[in-house]
There are 2 protein chains.
Amino acid sequence: MLKFNETNQMDSVNGALQLRGEIERIVDEIYSEGFDHIFYLGIGGTYASSMQAVTYITGKSALPVYVENAAEYLTTGNRKLTEQSVVIISSVTGSTEEMVRAVSQVKEVGARIVGFIDVKEAPLAQSVDYLISYPANEQIKFFMVADRFMFNNGDFPQYEQFYKELDGHLAKGLVEVEKAADSFGEQFAHEHKDDSMHYFVGAGNHWGAVYSYAMCYWEEQHWLRSKSIHSSELFHGTLEVIDRDTAVTVFVGEDEQRPLSERVAKFLPRICSRYTIIDTKDYELEGISPEFRGRISHLLLRAITQRIDAHLEKINCHPMEIRRYYRQLDY
Amino acid sequence: MLKFNETNQMDSVNGALQLRGEIERIVDEIYSEGFDHIFYLGIGGTYASSMQAVTYITGKSALPVYVENAAEYLTTGNRKLTEQSVVIISSVTGSTEEMVRAVSQVKEVGARIVGFIDVKEAPLAQSVDYLISYPANEQIKFFMVADRFMFNNGDFPQYEQFYKELDGHLAKGLVEVEKAADSFGEQFAHEHKDDSMHYFVGAGNHWGAVYSYAMCYWEEQHWLRSKSIHSSELFHGTLEVIDRDTAVTVFVGEDEQRPLSERVAKFLPRICSRYTIIDTKDYELEGISPEFRGRISHLLLRAITQRIDAHLEKINCHPMEIRRYYRQLDY
């Protein structure tokens, strides 16, 4: 299988899950100190992950949690972000300009910052109050913070059982999903390698991932045009430009917003012949209780799209690392 | 001028501004009763306007205000929306399925609902606690509510002066913008009538309007493909698919996020030859103080895009009223 290393990938996920002790100490300390608001702050891909975490929390908890975009924060500001607030960020390089400046502004305000910064030596890593440095797995990290806040808040009584199952089975489950999705990924990549436009539709706690898949993968890494549209919003405009030959992919997850994507999946075949439905329910996840799947189905979607990416990269002879403009020019 | 009636349009805006007494009584009553959170709830175009209002408030006030999408609310729910909350909605027909159901759910929770419902007889109009029935001008209505909440909250000391200027000059100012933009609109429509894809970029309190312009106007009413992208996010993915011949329009407003759009406007000419910059600063607005322009520059953008729409509709022989699927099919 292309770009697939079962042992490494399992180690990566298991290592992320092992951050739990550290995350629990941090969140418990913050929770007991008290706070007025929680902000997931990001830009681009990390903004997308922030949207995922906040949607995840909203339906399950009354915690005062907001998504904030770093560049918007730098201009509009946010009067709700105070010295009593908690800000959660993630950065691979620790050098994204907007994040560096936003964190510096948050520090002036005096809010506590929990930072997942992969490069421990980056100045950004030095600026956060709580540093956790471990590569990749951004969604798992963000959701672990969310889960611990909700646990403390009495919104997640099954917390221990949930993580017992993840610790035991998630890593293996995800590589098995990749294996099961590989031939689909190859076929999909062949079918859509030349798309002039591809619509990606999704909802719920994976909406951020769909937004990011269109923008940070197809546009940024494959240089293919794509548009993400929320399953609920598709019916309020975008549907009018869909016809027989329009490439549309609906991601159907398993959280509370599943019916919104099911509605799209049911409607599409009537107006379109180039649609694809990717439903995480079609994939096994051994050892994970059915009632927990909705909390992590976004990780399955990611495992599936990784198979598309691996094949698309090869078929299109377009290494995913190259950028036309990003960090190539000053702007 | 096509689709332009100066007297009617001025009457429409002035009539909306005259709702202020009613809005003030409602908001003052709610403010004095107290509330835990304010939600702007919408779907499609009204969700877009909700985003505008919430961005507008965020930088100026610590009021606990959230955007909520009606379909997401119906599935994920929102544990922060309680009987102490205030929900603000707008609906032209009063019959949009998701709104009708979401309002019914909000009523069960017991939150107070302020509704701008154009059709007074619609069942939705009967369901709200405070009904204001006056056609069009959704942004003005939403922002008037926002302004009065901020006034009560001590965040808008210039409130009276601001509205004195709007009452005296806004309606005339906006029709003058339309007149000034008409030849630009015609030229733009000719240039872009056959676009296979058009990127619309914007930020701040007009981001929602840009999102809606791409989705509710180009896609839904012109059946032309378009994608909206926030000025801050363009640099984190979408830029890679822009080249010499890509049609990109940047809307530059005058609120705090203006620098984010200016950055795009400055960068684009280096990588693209089919770009357009629409800057509200290029348009006069007699009688409105410079420091207030950022609060209403989104209305100028709307006045300008109305000129594009009028010409595009004629050139493409595509009446904006027709729908391929919306309300033509059950789904």
Side-chain angles (χ1 to χ4, degrees), chain A residues 43-45 47 55 58-62 64 66 69-72 75-80 82 98 155 196-197 203-204 212 214-216 219-221 223-225 227 229-233 235-241 243 255-260 263 266-267 270-271 323-326 329 331, chain B residues 43-45 47 55 58-62 64 66 69-72 75-80 82 98 155 196-197 203-204 212 214-216 219-221 223-225 227 229-233 235-242 255-260 263 266-267 270-271 323-326 329 331:
Chain A
I43 191 146
Y47 175 61
T55 299
T58 299
K60 298 174 167 57
S61 170
Y66 291 88
N69 178 290
E72 294 194 66
T75 47
T76 289
N78 192 319
R79 297 265 308 270
K80 287 184 282 290
T82 74
E98 294 94 332
D155 304 317
S196 59
M197 172 55 52
S212 155
M215 185 172 83
C216 304
E219 290 183 331
E220 183 167 14
Q221 300 185 52
W223 299 2
L224 286 171
R225 289 187 179 162
K227 171 170 177 159
I229 181 80
H230 197 286
S231 304
S232 69
E233 292 283 283
F235 292 106
H236 295 272
T238 304
L239 81 168
E240 301 290 349
V241 294
D243 59 19
D255 71 341
E256 313 88 347
Q257 292 189 29
R258 178 176 175 83
L260 303 181
R263 187 183 183 207
K266 197 176 152 205
F267 173 64
R270 297 180 67 190
I271 63 163
R323 298 290 177 275
R324 210 192 299 252
Y325 312 119
Y326 188 67
L329 293 169
Y331 43 80
Chain B
I43 191 145
Y47 175 62
T55 299
T58 299
K60 298 174 168 61
S61 170
Y66 291 87
N69 177 292
E72 294 194 64
T75 46
T76 288
N78 191 320
R79 296 264 309 268
K80 288 186 280 292
T82 73
E98 294 94 333
D155 304 317
S196 60
M197 172 56 51
S212 154
M215 185 172 84
C216 305
E219 291 183 332
E220 183 167 14
Q221 299 185 53
W223 299 1
L224 287 171
R225 286 184 182 167
K227 170 169 177 160
I229 180 81
H230 197 285
S231 304
S232 69
E233 291 282 284
F235 292 106
H236 295 273
T238 305
L239 82 168
E240 301 291 347
V241 295
I242 295 173
D255 71 342
E256 314 89 347
Q257 292 190 29
R258 177 175 176 83
L260 303 181
R263 187 183 183 206
K266 198 176 151 204
F267 174 64
R270 298 181 68 192
I271 64 163
R323 298 290 178 274
R324 210 192 299 253
Y325 312 120
Y326 188 67
L329 293 169
Y331 44 79

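We name chains A, B, ... by the order of the sequence lines, and we start the count at 1 in each one.
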Any side-chain heavy-atom pair from [X] and [Y] closer than 4.5 angstrom?
X      : Y      : value
B:L239 : A:E220 : no
B:R79  : A:T58  : no
A:L329 : B:R270 : yes

Nearest heavy-atom neighbours spanning [X] and [Y]:
X      : Y      : result
B:Y331 : A:R263 : O-NH2, 3.1 Å
B:E240 : A:Y325 : OE1-N, 3.2 Å
A:M215 : B:H236 : CE-O, 3.6 Å

Quick check on the interface: out of [options], who has the most heavy-atom pairs with chain B under 4.5 Å?
options                : answer
A:L260, A:D255, A:L224 : A:L260
A:G44, A:S212, A:P259  : A:G44
A:S61, A:C216, A:G77   : A:S61

B:T75 versus A:E256, side-chain donor and acceptor atoms under 3.5 Å: no
Side chains of A:Q257 and B:T76 only: does a donor on one sit below 3.5 Å from an acceptor on the other? yes
Less than 4.5 Å to any heavy atom of chain A: does that hold for the side chain of [X], its backbone, both, or neither?
X      : answer
B:R258 : neither
B:K266 : neither
B:Q221 : neither

Structural part of [X] lying under 4.5 Å from a heavy atom of chain B:
X      : value
A:R323 : both
A:N78  : both
A:T238 : both

Give a yes or no answer on whether the side chain of B:R225 reaches the backbone of A:V241 with a donor-acceptor pair at less than 3.5 Å. yes
What do you reckon, are the aromatic ring centroids of A:Y326 and B:F235 less than 6.0 Å apart? no
Largest heavy-atom contact set with chain A, pairs under 4.5 Å, which of B:K80, B:E233, B:K227: B:E233
Answer yes or no: is there an ion pair linking B:R324 with A:D243, defined by an N-O contact shorter than 4.0 Å? no
